[in-house]
Number of protein chains: 2
Amino acid sequence: MPCVMVQIPKPQPARKPRKTRTPPKPRESAAPSPVPPSPVPTSADVARLAGVSRATVSYVLNNTSAVRISEPTRRRVRDAARDLGYVPHAAARSLRAGHTRIVLMPTPRVPAGPLYSTLFNDLQWALSGLDYTVVQYGSVSLRGDDAARAWAELRPVAVLAPPDLGTQGVEVLRRSGARAVITLGPQRVEGAHALLMDHREVGRVAAAHLVERGRHRIGVVLPTEPGLDHFAGPRLEGVRLAFPGTGAAVFELPLAYEEESAAQLVPRIRELGLDAVFAYNDEYAMLLMRALHDAGVGIPGETAVIGADDLMLGRLLRPRLSTVRIELPSGPELAALVDRLVRDPGAAPESHEMLRARVVPREST
Amino acid sequence: MPCVMVQIPKPQPARKPRKTRTPPKPRESAAPSPVPPSPVPTSADVARLAGVSRATVSYVLNNTSAVRISEPTRRRVRDAARDLGYVPHAAARSLRAGHTRIVLMPTPRVPAGPLYSTLFNDLQWALSGLDYTVVQYGSVSLRGDDAARAWAELRPVAVLAPPDLGTQGVEVLRRSGARAVITLGPQRVEGAHALLMDHREVGRVAAAHLVERGRHRIGVVLPTEPGLDHFAGPRLEGVRLAFPGTGAAVFELPLAYEEESAAQLVPRIRELGLDAVFAYNDEYAMLLMRALHDAGVGIPGETAVIGADDLMLGRLLRPRLSTVRIELPSGPELAALVDRLVRDPGAAPESHEMLRARVVPREST
DNA sequence: TTGAAAGCGGTACCAA
DNA sequence: TTGGTACCGCTTTCAA
């Protein structure tokens, strides 16, 4: 319900009709601005009001140390700037400077869990604190290469990107002046730094724990929700990797995040004779535990269950849910890393494994 | 663990030593580029390679319809651009154009729940789809006014901001050319559009529901976690508002998100003789229910419990958790609104209430 | 059909 | 201590 409240009179003169193409530029002789001055004041306006040159305005407002400006002049300039409400134009500045402080970050495709989104948020704050301008891009319908070109238009000093950027994309961005191109995901890309998050590790430690507990027929929940397969696949693979020559067997358990789907899964678990389930994460684990409980399956007696993410809710369940705690670097840490890479371009590409996983054993296994 | 992988030879000549101040600009006579050409190619480079003027390059690359360029020329220009890996410079372009497509959005201060962050994400995607450039700002340690000035440097075409921006800030941004300044939060600010999210509504419907169920002594959980008071306060107020002349009484229940804190709360609830609790949200409700259950308090017999957010976990609890479902506009809706406001600046400020709340009654009340 | 050139708003060199 | 001015890269008249 749009409730109109206040009328804004300023019709905003479109800003274009300012005279263009006037070599001598006589500046409206006399007449103390019959037209309101340029909608948004420039340093030239400040200079005029203060009775100095644009150069001086620049010196004063930037506290240029290589140049000494008299105190009275400084005051006049500052006052003029304040009176006019002058704000420098970032684009003009960086055009002249030849570089920006823009860090490009992708908008996550799916709402990817609290850990991930918290990290993203913290990173943004930290980068802002380092005086970077964080630009979120969500390149709709642009395939890798075109996307890279679109991003390069902003001349970012650093780019965080998913690895599907490709070698081509990395090259495009580097040639556009990006001092650090950093991929964020499972693989690395040639020529770019890599922040790896190997979710196989999550499955690996979960499986190791279950085997240690004497379990040998292990189900792995695969969420059917789109977007999650990105994480689920590697976690499953990690489980498989944990069995070098063990007699243990792994079974895939597709599960939608609905009670009905969980209920349907129970008979399957029984038929297969699974003595343990790695439930993808704590939320799916809770869903599954409810279904198992309702069906009279003993946990962990008959079937052990382990989740991941170490959410509070796991502690509230009965039996208390064993889980895999995932640790990611902090936002400030990551920001510092980005900053370092920016400061030292030309450095050889670095790879960092960011994901650390460890089991928090409780009652359900 | 930084594992070095590949050596990048390009030492990036810092781009500055390019000759400055040379009126005739003879361009390194002869010698087919003994120095690698300008690190990042410009339209002038493309023009030179294609043997045309920069104007023509611009015409071709932008498909300027007001001008007809011969097909052979077009091809030469396009080929040259491709060979050089030319990417236009967004800052230069918008400097010339006199406006940007930047939409400024705040980085949320706290990881503010899935609803909020999902909305934010969707909005970013939708805005990207509308060809806006989304810039996240997280103005560390800049008080309202200075912050506004810092943001104005980017010359955003639209700004989403918390209402603590202030009238001053709105004015600064408008004068810097922002065509839409939109506040996002409980209050409105003069001169700006407002997207209101009145969380009192959440408390109001919860309380109304409890009263309808015959409850009269109602506890309201106040999370002690910082950042949440922003939502908790209004929700509490909403509960109070729901009792015009009812004999019902409201009691505040501070609660930290820990089992121990919940356990300590139970005796308090008993002493006060509360017959219902609005638990802030589903997660706190689950925490509280566990504590009540462990203490042998009957739900809903002795004490009813209602949460908010309608998380899946509420359906898995026993008794099933009643909750308040909160509905927010979709990202695309919001993006369309922003777009409309941008297209029609000068329009009178609009206020939109975005939050819709309704009770989902289940077994716990 | 194409090119020359003026500027967009700042910065920084050089001369005064 | 200050001013003049050439640029940054791109768009867009205006003239040829």
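For the numbers below, each heavy atom of this structure counts, side chains included, while hydrogens, waters and symmetry mates do not.
In this structure, CD of B:Glu153 is placed 9 Å from P of C:dG10, rounded to the nearest angstrom. Between the C1' atom of D:dC10 and the CG atom of A:Leu95 lies a distance of 8 Å, rounded to the nearest Å. Whole-Å rounding puts the B:Tyr59 OH to C:dG3 C1' distance at 9 Å. Summarising the geometry, the separation between CG on B:Asp45 and C1' on D:dG9 is reported as 10 Å, rounded to the nearest angstrom.
Taking only side-chain nitrogens and oxygens, A:Ser58 never comes nearer than 4.0 Å to OP1 or OP2 of C:dG10. Distances shown here put a side-chain N or O of A:Asn62 below 4.0 Å from the OP1 or OP2 atom of C:dT11.
Partners of B:Gln168 under the side-chain hydrogen bond (donor to acceptor under 3.5 Å, both in side chains) rule, at least two apart in sequence or in another chain, do not exist in this structure. Residues that satisfy the side-chain contact (heavy atoms from CB on, under 4.5 Å) test with A:Arg74, not counting sequence neighbours, are A:Val60, A:Asn63, A:Ile69, A:Glu71, A:Arg78. B:Pro162 meets the side-chain contact (heavy atoms from CB on, under 4.5 Å) test with B:Pro106, B:Arg109, B:Tyr137, B:Asp164; sequence neighbours excluded.
With respect to B:Leu334, the side chain to side chain contact (heavy atoms under 4.5 Å, CB included) criterion is satisfied by exactly one of B:Ile182, B:Leu123, B:Leu127: B:Leu123.
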Compile the donor-acceptor pairs under 3.5 Å between side chains in residues 145-153 of chain B and protein atoms, sequence neighbours left out, one pair per line.
residue  : atom : partner  : partner atom : Å
B:Asp146 : OD1  : B:Arg149 : NH2          : 3.3

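At distances below 3.5 Å, at least one donor-acceptor pair connects side-chain atoms of B:Arg175 with backbone N or O atoms of A:Leu84. In this structure, the side chain of B:Ser94 does not engage the main chain of B:Ala97 through any donor-acceptor pair within 3.5 Å. At distances below 3.5 Å, not a single donor-acceptor pair connects side-chain atoms of B:Arg54 with backbone N or O atoms of B:Ala44.
Among D:dT12, D:dC10, D:dC7, the nucleotide with an atom closest to any side-chain atom of A:Arg96 is D:dC7.
Shown for residues 66-93 of chain A: residues whose heavy atoms fall under 4.0 angstrom of DNA chain C, namely A:Tyr86, A:Val87, A:Pro88, A:His89, A:Ala92, A:Arg93. Taken residue by residue, residues 49-56 of chain B places heavy atoms nearer than 4.0 Å to DNA chain C at B:Gly51, B:Val52, B:Ser53, B:Ala55, B:Thr56.
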